[in-house]
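Worksheet: the structure to be examined is printed underneath.
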Amino acid sequence: MSSLRLFVAVLPPDSALRELRRAVAPLHALPGADRLRWTGTDGWHFTLAFLGNVDEELLPELHARLARAAHRTDPFTLRVHGAGRFGGRALWAGAAGAIDTLRLLAERADAAARRSGVPMDEHRRYSAHLTLARSRGTDADLRPFVEALAGFEGTPWEVGEVALVRSDLPGGGAPGERPRYEVHASWPLGR
């Protein structure tokens, strides 16, 4: 049986990605930046639910349930905002705007996957973030990077769809290699 490595996400528009790229560029010159594995702008997204490897036979039901979740959620406004870190492992940009709606959409995506038969990890409270960099092995001091981006305020945009994204790990996921992302399917928000 064949499977796809998938996640559900909100994808920022190109204009938001350009703004963030301009804000992140100076971080590459900070001390310790060379000890981080920077994500490419093609991988910048707000993950709603990570599904892992999904058997292809589950896809029709998953698509139907994600479509219902999208249609039950009205379009909403979001912007990239500030920065944070997960310990010394990951640097991220945050989100502001209709965070409650984003969180509701994440819960609906998680429920759609579960009800479709996708084995999901233990449910955790949703934390909206867009990963910018990961440490290479050992924990890194990410505080200077967080401080440099703390005041970042992106331009608001309307989230109008949810995407099911395929993630391929080149070379079997060798260290330092970036995954490749491809939109597998998407659904408009609202009725």
Side-chain angles (χ1 to χ4, degrees), residues 1-17 20 39-80 84 86 89-90 92-132 134 156-174 177-191:
M1 187 179 325
S2 183
S3 67
L4 302 175
R5 189 170 189 263
L6 300 170
F7 61 89
V8 183
V10 165
L11 306 175
D14 289 341
S15 58
L17 297 177
L20 184 57
T39 57
T41 55
D42 59 333
W44 286 354
H45 56 267
F46 290 98
T47 300
L48 300 174
F50 180 74
L51 311 184
N53 290 320
V54 177
D55 292 336
E56 285 188 6
E57 69 182 23
L58 299 178
L59 291 180
E61 179 74 13
L62 177 63
H63 284 204
R65 290 186 180 277
L66 286 172
R68 279 198 296 274
H71 293 295
R72 290 177 46 217
T73 308
D74 290 329
F76 58 97
T77 302
L78 202 63
R79 71 182 186 279
V80 181
F86 294 125
R89 297 180 327 274
W92 49 262
I99 298 299
D100 287 342
T101 306
L102 182 66
R103 190 172 290 119
L104 175 64
L105 186 56
E107 290 171 4
R108 287 176 172 167
D110 184 270
R114 286 177 194 282
R115 291 181 182 134
S116 299
V118 177
M120 299 292 287
D121 287 339
E122 170 181 327
H123 186 70
R124 288 177 267 171
R125 181 165 164 74
Y126 180 70
S127 172
H129 68 281
L130 183 154
T131 303
L132 300 172
R134 290 182 180 83
W157 82 89
E158 184 176 90
V159 177
E161 71 177 19
V162 64
L164 181 62
V165 181
R166 180 178 181 170
S167 171
D168 288 320
L169 300 173
E177 295 210 42
R178 290 184 185 159
R180 288 187 300 271
Y181 302 111
E182 175 187 342
V183 174
H184 178 74
S186 62
W187 300 272
L189 298 184
R191 306 206 186 291

Residues Ser167 and Arg180: side-chain donor-acceptor under 3.5 angstrom: no
So, for Leu58 and Ser116, which heavy atoms are closest and what is the spacing to 0.1 Å? CD2-O, 3.3 Å
What class does the angle between the rings of His45 and Tyr181 fall in, given that below 30° is parallel, 30 to 60° is tilted and above 60° is perpendicular? perpendicular
Could you tell me which non-hydrogen atom of Phe46 sits nearest to which non-hydrogen atom of Ala95, and how far apart they are? CE2-CB, 3.7 Å
Would you kindly say whether Trp44 and Thr39 are connected by a side-chain donor-acceptor distance under 3.5 Å? yes
Between Leu189 and Phe76, does the side-chain contact (heavy atoms from CB on, under 4.5 Å) criterion hold? Intermediate values first, please. CA-CA 9 Å; Leu189 298 184; Phe76 58 97; 3.7 Å; yes
Would you say that Ile99 contacts Leu78 through its side chain, given a criterion of any heavy-atom pair below 4.5 Å between the two side chains? yes
Indicate whether the side chain of Thr77 and that of Glu158 have a donor and an acceptor atom separated by less than 3.5 Å. no
Look up atom CG in Leu11 and atom CD in Glu161, then write down how far apart they are to the nearest 0.5 Å. 7.0 Å
Ala93 versus Val80, closest heavy-atom pair with distance: CB-CG1, 3.7 Å
Spacing of Glu107 atom CD and Thr73 atom OG1 [to the nearest 0.5 Å]: 10.5 Å
Can you find a heavy atom in the side chain of Leu130 that is under 4.5 Å from one in the side chain of Thr47? no
With rounding to the nearest 0.5 angstrom, report the CG to CG distance, Leu102 to Leu48. 6.0 Å
Between Ser3 and Val54, is any pair of side-chain heavy atoms under 4.5 Å apart? no
With side chains defined as the heavy atoms from C-beta onward, is the minimum distance between Trp92 and Arg134 less than 4.5 Å? no
Once side chain to side chain contact (heavy atoms under 4.5 Å, CB included) is applied, do any residues pair with His63, and if so which ones, sequence neighbours excluded? Leu59, Leu164, His184, Ala185, Trp187
For atom CZ of Arg79, decide whether the heavy atoms of other residues, nucleotides or ligands shown that lie under 6.0 angstrom number more than 12. yes
Evaluate the criterion side-chain contact (heavy atoms from CB on, under 4.5 Å) for residue pair Asp110 and Met120; output intermediate values, then yes/no. CA-CA 8 Å; Asp110 184 270; Met120 299 292 287; 3.3 Å; yes
Parallel under 30°, tilted from 30 to 60°, perpendicular over 60°: which one fits the rings of Phe86 and His129? perpendicular
Nearest heavy-atom neighbours spanning Ala163 and Val183: CB-CG1, 4.3 Å
To the nearest 0.5 angstrom, please state how far the CG atom of Asp74 sits from the CG atom of Leu105. 11.0 Å
Measure the CZ-CZ distance between Arg68 and Arg115 for me, rounded to the nearest 0.5 Å. 9.0 Å
